[in-house]
Amino acid sequence: GAFAGASPVVKAYLADAATPEQLPSFMAWREASCTLAFIVGPTLGGLLFSGSSLSACISLTGWASVAAAGLVLVLMQEVKHEVNAS
């Protein structure tokens, strides 16, 4: 899909943003959220489809993607590295 390469990008961002002590915890939370998304997403989609229509599922998915992109734009901060002048 359009965001098939997002997982390596997120891992790279976490590696840059986290301290070595925080990194294992951050990676575990990332994996847990991906697993939760694989379980909850199809479940909610199936429930929505059974009570509505396919177009409602597709519309909700599209708007959820737009909302997620907006959250990334607003909440994600650039990682700044200190440069050691030797």
Side-chain angles (χ1 to χ4, degrees):
F3 298 104
S7 183
V9 172
V10 170
K11 287 181 182 179
Y13 177 79
L14 289 176
D16 283 347
T19 64
E21 296 80 24
Q22 294 173 319
L23 188 59
S25 176
F26 284 7
M27 289 295 186
W29 278 105
R30 191 201 71 81
E31 289 296 326
S33 66
C34 287
T35 302
L36 184 66
F38 281 121
I39 296 168
V40 173
T43 303
L44 291 178
L47 290 172
L48 180 64
F49 181 71
S50 68
S52 184
S53 65
L54 180 60
S55 62
C57 293
I58 293 171
S59 296
L60 182 64
T61 301
W63 285 112
S65 295
V66 170
L71 286 172
V72 167
L73 287 173
V74 171
L75 298 177
M76 198 165 141
Q77 298 175 1
E78 183 179 355
V79 178
K80 301 195 191 276
H81 295 282
E82 292 182 18
V83 178
N84 294 332
S86 302

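Because the structure is a prediction, the values reported are computed rather than measured. The figures that follow rest on heavy atoms only: side chains count, while hydrogens, waters and symmetry mates do not.
- Rounded to the nearest 0.5 Å, atoms CH2 (W29) and SG (C34) are 13.0 Å apart.
- Of all heavy-atom pairs between P24 and P20, the closest is CD-O, 3.4 Å.
- Of all non-hydrogen atoms in R30 and S7, the two that sit nearest each other are NH1-OG, 3.3 Å.
- Note: K11 NZ to D16 CG = 14.5 Å, rounded to the nearest 0.5 Å.
- Placement of Y13 and F26 in two distinct hydrophobic clusters is found when ILVMFWY residues are connected by side-chain heavy-atom separations under 4.5 Å, directly or transitively.
- When all heavy atoms are compared, the tightest approach of F49 to S53 is CD1-C, 3.9 Å.
- Distance check: L47 CG to C57 SG gives 9.5 Å after rounding to the nearest 0.5 Å.
- A distance of 9.5 Å separates CG of L23 from OG of S25, quoted to the nearest 0.5 Å.
- Remark: I58 pairs with L54 by the side chain to side chain contact (heavy atoms under 4.5 Å, CB included) rule, at least two apart or across chains.
- Counting Ile, Leu, Val, Met, Phe, Trp and Tyr side chains that sit under 4.5 Å apart, directly or through other members, L73 stands alone, with no cluster partners.
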